[in-house]
Amino acid sequence: MHFTKMHGLGNDYLYVYGFPVDPEERSIKLSERHFGAGSDGMIYIMPSLKADFEMRIFNADGSEAMMCGNGIRCVGKYVYDKGYTKKKELDIDTKSGIKHLSLHTNAQNKVDLVTVDMGEREILDPALEAEGHTGTYVSMGNPHFVLFTEDAEAAPVDTLGPVLECAPQFPDRANIEFVQVVDEHTLRMRVWERGSGITMACGTGACASVAAAAAHHLVPMNERIEVKLDGGSLYISVSDSGAVEMTGPAAVVYEGETVE
Ligand SMILES: N[C@H](CCC[C@H](N)C(=O)O)C(=O)O
């Protein structure tokens with residue numbers, strides 16, 4: 001099977017055009033960083049009758065997610081750079097609905113930056129208690145539990161993250177974000193992702209973090225907020241109606257071929 005290794009700020013996936021009979025097992029096997037190709041999961045791109053393309057994402061543990069912010073930016077780069085489309089305004093069908101992409105290209109006419117209309121955030125609970133911690137429960141199509149902290153660098157991401165991921169309050173588990181408000185236009189965020197563990201960046205998690213911060217009046221609505229992740233920065237705004245827009249990079253690392 002041919003795949004393209006891509007990443008959004010180090011949140012890396014294997015991208016395949018088509019869809020296999022065994023997506024869960026394949027993601028578990030190929031995401032493994034020693035016995036496999038190594039990635040945070042796999043993303044499949046397919047033709048669509050409802051949009052320009054369809055994408056489906058599987059985490060490293062084989063679970064399918066409703067949406068992937070870093071992943072959808074790479075999907076935009078994949079289909080444009082590989083010539084599946086000449087359009088720079090694209091609609092991608094995902095498990096959480098159709099998202100609109102605006103592709104930005106460099107001097108070589110390769111996509112380097114993508115703006116995504118992520119749809120509306122949903123604040124499921126502004127103050128939910130789980131495992132003794134109170135956080136903001138947010139949906140970006142996928143579930144997020146956002147904890148605010150004075151020092152994100154000191155946050156217990158690797159110990160508290162997996163406990164909260166599987167807390168009983170989250171019937172489908174959850175992505176866990178640890179967020180420090182640097183100033184009213186800047187957040188620092190570290191993440192424990194559902195089904196993948198600590199990642200270098202989480203697009204939907206960054207959106208959920210800005211949505212939670214805006215809901216608690218820690219950052220302004222309708223203005224661009226920088227979210228500093230381990231792998232770099234995303235730029236996100238949340239409107240008064242809850243519509244979320246995200247801008248960030250997309251990159252190719254290598255083309256690969258599995259032996260079976
Ligand atoms: N782990 C997430 C899916 C990947 C989301 C993240 N990588 C992003 O960029 O949004 C979940 O199970 O909901």
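Nothing fancy with the numbering, it's 1 onward along the sequence. Both counts, for ligands and for their atoms, begin at 1 and track the order of listing. Values reported hereafter were calculated over all heavy atoms of this structure, with side chains retained and with hydrogens, waters and symmetry mates removed.
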For this session: Tell me, yes or no, whether the heavy-atom count around Glu153 atom CD, taken from other residues, nucleotides or ligands under 6.0 Å, exceeds 12.
Result: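 Counting neighbours around CD of Glu153, more than 12 heavy atoms of other residues, nucleotides or ligands fall under 6.0 Å, so yes.
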Exercise. Thinking salt bridges, do Lys50 and Asp93 make one under a 4.0 Å N-O criterion?
Worked result: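 A salt bridge is present here (some side-chain N lies under 4.0 Å from a carboxylate O).
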For this session: Output yes when Asp112 and Arg73 qualify as a salt bridge under the 4.0 Å nitrogen-oxygen rule, no when they do not.
Result: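 Salt bridge between Asp112 and Arg73, a charged N being under 4.0 Å from a carboxylate O: no.
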Exercise. Can you tell which of Met66, Glu193, Met246, Arg194 gets a heavy atom nearest to atom 5 (C) of ligand 1?
Worked result: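 Looking at heavy atoms only, the winner is Glu193.
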Problem set entry | The one among Ala206, Gly203, Gly197 that brings a heavy atom closest to atom 8 (C) of ligand 1 |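 Ranked by closest heavy atom to atom 8 (C) of ligand 1, first place is Gly203.
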Exercise. Nearest to atom 2 (C) of ligand 1, what protein heavy atom do you find, and at what distance?
Worked result: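 Ranked first by proximity to atom 2 (C) of ligand 1 is Asn175 OD1, 3.2 Å.
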For this session: Spell out, yes or no, whether Val252 and Tyr13 are grouped together once hydrophobic residues are joined by side-chain heavy atoms under 4.5 Å, including indirect joins.
Result: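 Val252 and Tyr13: one cluster.
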Problem set entry | Within-shell test, Cys68 vs ligand 1, heavy atom, strictly < 4.0 Å |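 So Cys68 counts as touching ligand 1.
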Exercise. So, does Ser196 sit close enough to ligand 1 that a heavy atom of it is under 4.0 Å from the ligand?
Worked result: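 In this structure, Ser196 fails to qualify as a contact of ligand 1 - no heavy atom is under 4.0 Å.
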Heavy-atom pairs closer than 4.0 Å: do any link ligand 1 to the side chain of [X], the backbone, both, or neither?
X: Asn142; result: side chain
X: Tyr13; result: side chain
X: Asn11; result: side chain

Exercise. Going by the order shown, which atoms of ligand 1 are within less than 4.0 Å of some heavy atom of Ala65?
Worked result: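 The list of qualifying atoms is 3 (C), 11 (C), 12 (O), 13 (O).
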Problem set entry | Aromatic plane relationship, Phe3 with Tyr254 - under 30° parallel, 30 to 60° tilted, over 60° perpendicular |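 Aromatic pair Tyr254/Phe3 classed perpendicular.
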Could you tabulate the donor-acceptor pairs under 3.5 Å formed by side-chain atoms of residues 113-120, not counting sequence neighbours?
residue, atom, partner, partner atom, Å
Thr115, OG1, His104, NE2, 3.0
Thr115, OG1, Thr247, OG1, 2.8
Asp117, OD1, Gly119, N, 2.9

Exercise. Can Glu165 and Arg194 be said to form a salt bridge (Lys or Arg N to Asp or Glu O under 4.0 Å), step by step?
Worked result: CA-CA 6 Å; Glu165 174 192 356; Arg194 174 179 63 172; over 6 Å; no
Exercise. Mind checking whether Ile57 has an N or O less than 3.5 Å away from an N or O of ligand 1?
Worked result: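 No: no nitrogen or oxygen of Ile57 is under 3.5 Å from one in ligand 1.
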